[in-house]
Amino acid sequence: MNRRGGKSPHSFKRGNKSSQRKPKSTLKSHNFIHREVQPPEVSTHVAEYSYTDLDLHANLQHNIKEKGYTKPTPIQEQTIPPILRGEDVLGIAQTGSGKTAAFLIPLLDKLAKNQDENILILAPTRELAEQINEEFRSLGKKLGLFSVLCVGGQSMRKQIELIEKGSRMVIGTPGRIMDLTEKGKLDISRMSTIVLDEVDRMLDMGFIEDIRYLIREFPEERHSLFFSATLDPKIQALMQEFLKPSYKEVKLQDSPSSDHIHQDIVTYSHPEEKQRKLKELLEDYQEDGKVLVFANTKKGVDFLERNLQKLNFAAIGIHGDKEQRERKRTLNQFKSGESNILIATDVAARGLDINNVSMVVNYDAPDNYDDYIHRIGRTGRAGAIGKARTFVEE
Ligand code: AMP
């Protein structure tokens, strides 16, 4: 693993409790072991149509081409036509499936062709909202459209200015959108389309009442598009409450296989040993790639960031308490490879478009199996064999 500079490593300090204040995982060691790695599944999907078969605005077609999208991904293939027809959609899709363009392509077409169209997109985190906004800007070039990104940590005044200027695409997180509606600056009752991205995450983060409130503010005659990585009966019931009875459910696969990810545990019996073994794991990790380290708390992330940096690893941390600008910089640093170790909480990592991770380290074991699968799914993408290591107390 690359290190910054050539300084000799500092040793860890004893007795730092911050990384240990975390909920106990209910999972057992065997959940984290899978040593018989299967070759990765290669997608044999052949799209039944190409974008050019669709009646999309010419400039949108041009932008899709310019982005290098040659054929629709499976989620796009199944969701674009019903959205273009105005049908409600419940899409079950993970980050990395191309789900953002799956709703943005038909919605951009609607915006370009219908001046009365007003859209609200809700995402659980600022980063995801930003990614959606970036995709909107690149796919929406030369269509005479502009969006307003309404997330916390940024000037509300500028957001209000853009709303008042007549932005017909509002992308934001539930908290800031609630603030703007309560202040009377955003009139949702005049909007026509609502998109909820990563519904499962929004519910996990406790946004359920905000979401109910916001959907109810919409007119009865609305177009609703809901996306979620998982679909348990609770989510399904909630979504059905707000979707038209004729809604289309698009489900691609039950859950992504992790058979191609080599999974093993790292045992430790006391905190110093845990820290030492992380250092050894990163030192021994010679492959040229990126490592994503999960901690369960924000303090845990800060603690690991400090300690790994002291050891001269090019490590950076990301969590919800960091300034928006700092989180963006961190993410870019990791994406560009300037820092090759990213330490994150589940919430901060969820939805981020980080795909080429060669090893996932669960420094703190996840609370449940869903989170575990989601975490390790960051490695072993695009036909590669992945690697995951989970720390387990003996
Ligand atoms: P998402 O699941 O929306 O986060 O998208 C994951 C990545 O796939 C993003 O980097 C997109 O730019 C990319 N992407 C989306 N649609 C396509 C496509 N049709 N062909 C190739 N890449 C795509």
Side-chain angles (χ1 to χ4, degrees), residues 42-54 56 60-81 83-84 89-109 119 121-141 147 149 169 171 173 195-202 225-231 250-253 255-256 290 292 328 331-332 334-337 342 344 347-357 373-375 377-384:
V42 178
S43 169
T44 50
H45 175 77
V46 181
E48 284 187 5
Y49 62 82
S50 64
Y51 296 113
T52 46
D53 295 328
L54 299 167
L56 299 173
L60 178 57
Q61 289 282 16
H62 176 84
N63 297 339
I64 294 172
K65 201 167 159 203
E66 208 174 68
K67 277 194 73 90
Y69 298 174
T70 49
K71 59 180 175 62
T73 65
I75 186 79
Q76 291 167 7
E77 187 181 3
Q78 292 191 50
T79 51
I80 293 175
I83 299 175
L84 284 173
V89 167
L90 176 56
I92 313 304
Q94 314 270 343
T95 296
S97 59
K99 68 180 163 66
T100 314
F103 58 79
L104 280 183
I105 289 173
L107 292 183
L108 276 161
D109 192 63
I119 299 172
I121 300 180
L122 285 177
T125 61
R126 296 171 194 179
E127 280 78 16
L128 184 58
E130 259 185 27
Q131 279 171 27
I132 297 169
N133 194 40
E134 276 164 27
E135 187 87 343
F136 173 87
R137 290 173 67 155
S138 54
L139 283 171
K141 276 190 271 178
S147 58
L149 180 68
M169 172 61 99
I171 303 168
T173 45
V195 181
L196 300 183
D197 198 10
E198 305 217 345
V199 177
D200 47 353
R201 229 355 75 175
M202 287 202 268
L225 309 172
F226 302 154
F227 288 83
S228 184
T230 55
L231 188 64
V250 177
K251 191 169 194 241
L252 294 174
Q253 58 187 86
S255 59
K290 294 177 186 167
L292 184 55
K328 195 167 178 185
L331 199 60
N332 287 341
F334 187 63
K335 279 189 178 176
S336 71
L342 180 68
V347 168
R350 187 71 64 149
L352 297 184
D353 182 19
I354 313 169
N355 293 327
N356 54 342
V357 168
I373 292 298
H374 204 99
R375 284 182 180 188
R378 298 314 189 118
T379 176
R381 292 265 176 101

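In listed order, ligands and their atoms are each counted from 1. Residues: numbered from 1 along the sequence shown.
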Does an N or O from [X], backbone or side chain, lie closer than 3.5 Å to an N or O of ligand 1?
X	answer
Gly68	no
Thr70	no
Tyr69	yes

Residues Glu198 and Lys99 bridged, charged N to O under 4.0 Å: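 Looking at Glu198 and Lys99, the cut-off is met.
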Glu66/Lys141 salt bridge by N-O under 4.0 Å criterion: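 A salt bridge is present here (some side-chain N lies under 4.0 Å from a carboxylate O).
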Lys65 atom NZ, over 12 foreign heavy atoms within 6.0 Å: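 Incorrect, the count does not exceed 12.
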Distance-only polar pair, side chains of Tyr69 and Gln76, donor-acceptor under 3.5 Å: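 Looking only at side-chain atoms, Gln76 and Tyr69 do not form any donor-acceptor pair under 3.5 Å.
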Any side-chain donor near an acceptor of the partner, Ser138 and Lys67, under 3.5 Å: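 Indeed, the side chains of Ser138 and Lys67 share at least one donor-acceptor pair under 3.5 Å.
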Residue portion contacting ligand 1 (non-hydrogen atoms closer than 4.0 Å) for Tyr51: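 Side chain only.
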Ligand 1 versus Gln131: contacting region, heavy-atom distance under 4.0 Å: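 For Gln131, there is no contact with ligand 1 at all, from either part.
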Shortest non-hydrogen contact between Glu48 and Glu77, atoms and distance: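 Closest approach of Glu48 to Glu77: N-OE2, 2.7 Å.
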For Gln76, atoms of ligand 1 separated by under 4.0 Å from a heavy atom: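 Here the atoms of ligand 1 in question are 15 (C), 16 (N), 17 (C), 19 (N).
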Heavy-atom proximity to atom 3 (O) of ligand 1, best of Ile75, Thr100, Ile64: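 When every heavy atom of Ile75, Thr100, Ile64 is considered, Thr100 comes closest to atom 3 (O) of ligand 1.
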